[in-house]
2 protein chains.
Amino acid sequence: MDAFAKPKLDDVAREAGVSTATVSRCLNEPGKVTAATRDRVMRAVEALGYTPNFGGKALASQKTSTVGAVLPTLDNAIFARGLQSFQETLSAAGVTLLVASSGYDADREDEQIRALIGRGADGILLIGTARRPAAYEFLKRARTPYVIAWSIGEAGETSVGFDNVGAAREMARRVIAEGHRRIAMISGITHMNDRAAGRVEGVCQALREAGIETADLVVDEVRYAFDEAGEALERLMSRNDPPTAIICGNDVLGVGAIARAKQLGLVVPSDLSITGFDDIDIASIVEPGLTTVHVPHRRMGTAAAETLLALIDGRPVSETVLLETTICDRGSLGPAPAGNRPRP
Amino acid sequence: MDAFAKPKLDDVAREAGVSTATVSRCLNEPGKVTAATRDRVMRAVEALGYTPNFGGKALASQKTSTVGAVLPTLDNAIFARGLQSFQETLSAAGVTLLVASSGYDADREDEQIRALIGRGADGILLIGTARRPAAYEFLKRARTPYVIAWSIGEAGETSVGFDNVGAAREMARRVIAEGHRRIAMISGITHMNDRAAGRVEGVCQALREAGIETADLVVDEVRYAFDEAGEALERLMSRNDPPTAIICGNDVLGVGAIARAKQLGLVVPSDLSITGFDDIDIASIVEPGLTTVHVPHRRMGTAAAETLLALIDGRPVSETVLLETTICDRGSLGPAPAGNRPRP
DNA sequence: ATCCAAAATGCAAGCGCTTACATTGCTACA
DNA sequence: TGTAGCAATGTAAGCGCTTGCATTTTGGAT
């Protein structure tokens, strides 16, 4: 073996005085090899600094021990946190993670799914259910198993998530129970985003239950960013009938709204109640603390990984893993003001 | 072709009435093929829903169009954010990203580096310089190019980072300029973490410059978590000579410290000044805003990706890309209290 | 000692793709 | 019309590994 060439299975076999088959078995099914041989082989592997060639392995075994994940963005703590535990679980199983992000764009998501399939991902993690049919086509055609997280998928799809509609409904009920009637939402863009849409839907349901005209619900859709939430808040508060409570689609929006409300001289929650969704760190750092829906992101990541691994191995999985959410009361939601609040 | 089998190059070739070589060229070097042929081939690809087999491709071409990144954790906005732009840049170049995390553990990092090399990563992104020699061994042996981010590497290493020592020194100078003399640090664990160590070093340098005994500098090392910072703060403030300013190793610690300080009834910055490092979202959400070192994480991610891609393609790269940091004044650093503050 | 089943090992055929080299089919010019 | 020269395409040899099957070895049981 040329000193500069990377050692291959053949070299190890020669060094150890066995066949390539035995070396391969040593590495992949050590139980099938005598301790003595295994020892000799391992020593040779060590001596030569052998690392299996990925392409060869993937080609011969028709699997990559790699799974992919397509997230809207990593730049939001909820996905980063979920991904972290997802990755840890995979890593413990000897599987590596391919990461792609779509920037909340359906076209980009299609592309990324395709790319991951092309990279030989044995399975894929997807966020939410709303995407164009083409994406599901690729997956089906490639026979690549996938798991949907953050939402509950349709029948026949495997998913690990929580009830976005129900959780938002519950939060809205609390808001209503505090006496609020003029309620608004700052939501993420609902187009092609079932989680954002579900949260709006949940709020609508609660309003209907309470006999509040849902046509009156003002929903201001913005991208998930502090500033955007701040601007939405200003828009909402400068209406003729400003809300007394604003339900935000997630914590980034909630915190952004609180920050701007304070800048405008509004006191939260006595002038205006604000709620969030997710329960990320900043929800407990901001003042007042953001009352929000706690979502078990880490557990979701772990469960998603376990489910996906099972799917890949052909082990049975429960089609749906439904995680519980709870409401964290931190102070940003309070009773509706008694009289009419002056406009800012 | 069996209707259930995945189509392969052969199938496409047959369908289009050309050889596999031509199909391959169509896909990889379209310029080398007549428009008419290309058309016919593409139509066949489309009709069959062909996707190249990753293993085959990797084996034959000896590259994977894949790069890896080993981060301490994704569960810190700075890494998540940097990784996001890193990934975007790669994706634009048709390269996919393998992600692994070490949990700030050197053994785990070794493992992960090995795993990524084993997965055929064409290049690897590493955070910081402190790791055991074995890790560099693997990289060298596998001849896998790598880029170090977040720090400046040694000569011969390619890195994209900033001056941790200098930035911390600058911050400490500011603190000293505000009249503080009893200064403490809440630092990340410095063992095998050159960034954390560098920040401590920077503070020491500034103290020396100012003629302050560095032996007096109390450094409380904790893991990067709000609560840990809170506890460190309590420890520091219950000393006989509590500090009037605490320089924190990053924003997570800084925000955790501010939160605990407020709980203890301390007013920041009039009773106690606190500074951070990184400039993540929460630094501007907490009250008072955290005076901190702004690090251009996104630009770092992008630059790291560009550098790594160049390295892989054998294009020339500048060994070191040094990014500027700036100090963001947000209010948590103020003048040292005139008299002695009562202990909490 | 002998024989046999079971365990360990070896042999060699692919896995699906790229690419060096050979071949074919043009164009253009004499 | 013949042919040099080049572009387009085809041929086929690997790339490094896994694995079904054949072969050898092992360790009892007789």
Side-chain angles (χ1 to χ4, degrees), chain A residues 1-2 4-42 44-45 48-66 94 117-122 142-143, chain B residues 1-2 4-42 44-45 48-66 117-120 122 142-143:
Chain A
M1 180 189 80
D2 172 349
F4 278 120
K6 268 179 120 180
K8 33 188 85 166
L9 207 54
D10 244 350
D11 301 309
V12 177
R14 199 167 321 116
E15 174 84 12
V18 297
S19 73
T20 62
T22 301
V23 178
S24 175
R25 278 188 285 257
C26 261
L27 264 26
N28 302 312
E29 308 162 293
K32 291 197 170 179
V33 167
T34 319
T37 326
R38 201 187 317 148
D39 230 57
R40 207 143 32 93
V41 171
M42 288 316 193
V45 166
L48 268 50
Y50 170 75
T51 326
N53 173 291
F54 181 67
K57 193 161 184 161
L59 180 55
S61 65
Q62 296 294 7
K63 50 184 183 167
T64 58
S65 293
T66 288
I117 293 176
R119 282 298 172 275
D122 291 337
R143 282 187 282 294
Chain B
M1 180 190 80
D2 172 347
F4 278 120
K6 270 177 122 181
K8 32 187 87 164
L9 249 204
D10 244 350
D11 300 311
V12 177
R14 199 166 324 117
E15 175 83 12
V18 297
S19 74
T20 62
T22 300
V23 177
S24 175
R25 277 188 286 256
C26 263
L27 265 25
N28 302 314
E29 309 162 290
K32 292 196 170 180
V33 166
T34 319
T37 328
R38 199 186 320 147
D39 229 58
R40 208 142 33 93
V41 170
M42 287 317 193
V45 166
L48 267 50
Y50 169 76
T51 326
N53 173 291
F54 181 65
K57 193 162 184 159
L59 180 54
S61 65
Q62 297 295 9
K63 51 184 182 168
T64 58
S65 293
T66 289
I117 293 174
R119 284 295 176 278
D122 291 336
R143 281 189 282 294

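Here is how names work: the chains are called A, B, and so on, in the same order as the sequence lines, proteins then strands, and each is numbered from 1.
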> Between B:Lys32 and B:Arg25, which heavy-atom pair has the shortest distance, and what is it?
Replying inline: CB-CD, 4.5 Å

List, with names and distances, any nitrogen or oxygen atoms from the protein found under 3.5 Å away from nitrogen or oxygen atoms belonging to nucleotides 20-26 of chain C.
none

> Between atom CG in A:Asn53 and atom P in C:dC17, what is the gap in whole Å?
Replying inline: 16 Å

> Nearest to the side chain of A:Thr34, which nucleotide is it out of D:dT9, C:dA8, D:dC17?
Replying inline: C:dA8

> Of the nucleotides C:dG16, D:dA12, D:dT18, which has the atom closest to the B:Thr20 side chain?
Replying inline: D:dA12

> If you check every side-chain atom of A:Lys8, which of D:dG16, C:dC17, C:dT9 has the closest atom?
Replying inline: D:dG16

> Is the distance from OP1 or OP2 of C:dT18 to the nearest side-chain N or O of B:Asn28 less than 4.0 Å?
Replying inline: yes

> Does the side chain of B:Val33 reach to within under 4.5 Å of the side chain of B:Val41, using non-hydrogen atoms?
Replying inline: no

> Between D:dG16 atom P and A:Leu48 atom CG, what is the distance in whole Å?
Replying inline: 14 Å

>> Closest approach to the side chain of A:Ala60, judged atom by atom: which nucleotide of C:dG10, C:dC15, C:dC17 is it?
In response: C:dC15

>> Using whole Å, what does the distance between atom P of nucleotide C:dC17 and atom CG of B:Asp11 come to?
In response: 9 Å

> What's the closest nucleotide to the A:Ser61 side chain, out of C:dC17, C:dT9, D:dT18?
Replying inline: D:dT18

> Out of B:Thr20, B:Asn28, B:Leu27, which residue meets the side-chain contact (heavy atoms from CB on, under 4.5 Å) rule with B:Ser24?
Replying inline: B:Asn28

>> Working to the nearest 0.5 angstrom, can you tell me the gap between A:Asp39 CG and A:Met42 CE?
In response: 9.0 Å

>> OP1 or OP2 of C:dC17 versus the side-chain N and O atoms of B:Lys57: is any pair under 4.0 Å?
In response: no

>> Among C:dA8, C:dT18, D:dG16, which nucleotide has an atom closest to any side-chain atom of B:Gln62?
In response: D:dG16

>> What's the closest nucleotide to the side chain of A:Leu9 if the choices are C:dC17, C:dT9, D:dC17?
In response: D:dC17

>> What is the separation between atom CD on B:Glu29 and atom P on C:dC17, rounded to the nearest whole Å?
In response: 16 Å

>> Under a 3.5 Å distance rule, please check whether A:Arg40 uses its side chain to pair with a backbone N or O of A:Ala16 as donor and acceptor.
In response: yes

>> Does C:dG10 have its OP1 or OP2 closer than 4.0 Å to a side-chain nitrogen or oxygen of A:Thr22?
In response: yes

> About how many Å separate CG of B:Asp10 and CD of B:Glu15, when rounded to the nearest 0.5 Å?
Replying inline: 12.5 Å

>> With heavy-atom distances below 4.5 Å as the criterion, would you say the side chains of B:Arg119 and B:Thr66 are in contact?
In response: no

> Could you state the interatomic distance from CG (A:Asn53) to NZ (A:Lys57), rounded to the nearest 0.5 Å?
Replying inline: 10.0 Å

> Any idea which heavy atoms bring A:Ile117 and A:Ala142 closest together, and the distance?
Replying inline: CG2-CB, 3.4 Å

>> Whole angstroms only, please: what is the NZ-P distance between B:Lys63 and C:dC17?
In response: 16 Å

>> Between C1' on D:dG10 and CG on B:Asp10, what's the gap in Å once rounded to a whole number?
In response: 13 Å

Kindly give the atom pairs (protein nitrogen or oxygen, nucleotide nitrogen or oxygen) under 3.5 Å for nucleotides 23-28 of chain D.
none

>> What is the separation between atom CZ on A:Phe54 and atom C1' on C:dC17, rounded to the nearest whole Å?
In response: 15 Å

> Which whole-number value in Å describes the distance from A:Lys6 NZ to D:dG16 P?
Replying inline: 10 Å

> Would you call B:Asp11-B:Lys8 a salt bridge at under 4.0 Å N-O?
Replying inline: no

>> Please pick, from D:dT18, C:dC17, D:dT9, the nucleotide with the shortest atom-to-atom distance to any side-chain atom of B:Thr37.
In response: D:dT9

>> Measuring from the side chain of B:Ser19 (C-beta onward, heavy atoms only), which nucleotide among D:dC17, D:dG10, C:dT18 has the closest atom?
In response: D:dG10

> If you fit an axis to the five pairs at each end of the helix from C:dA1-D:dT30 to C:dA30-D:dT1, how big is the angle between those two axes, to 10 degrees?
Replying inline: 40°

>> For A:Thr64 and A:Asp122, which I'm curious about, is there any donor-acceptor pair between the side chains at under 3.5 Å?
In response: yes

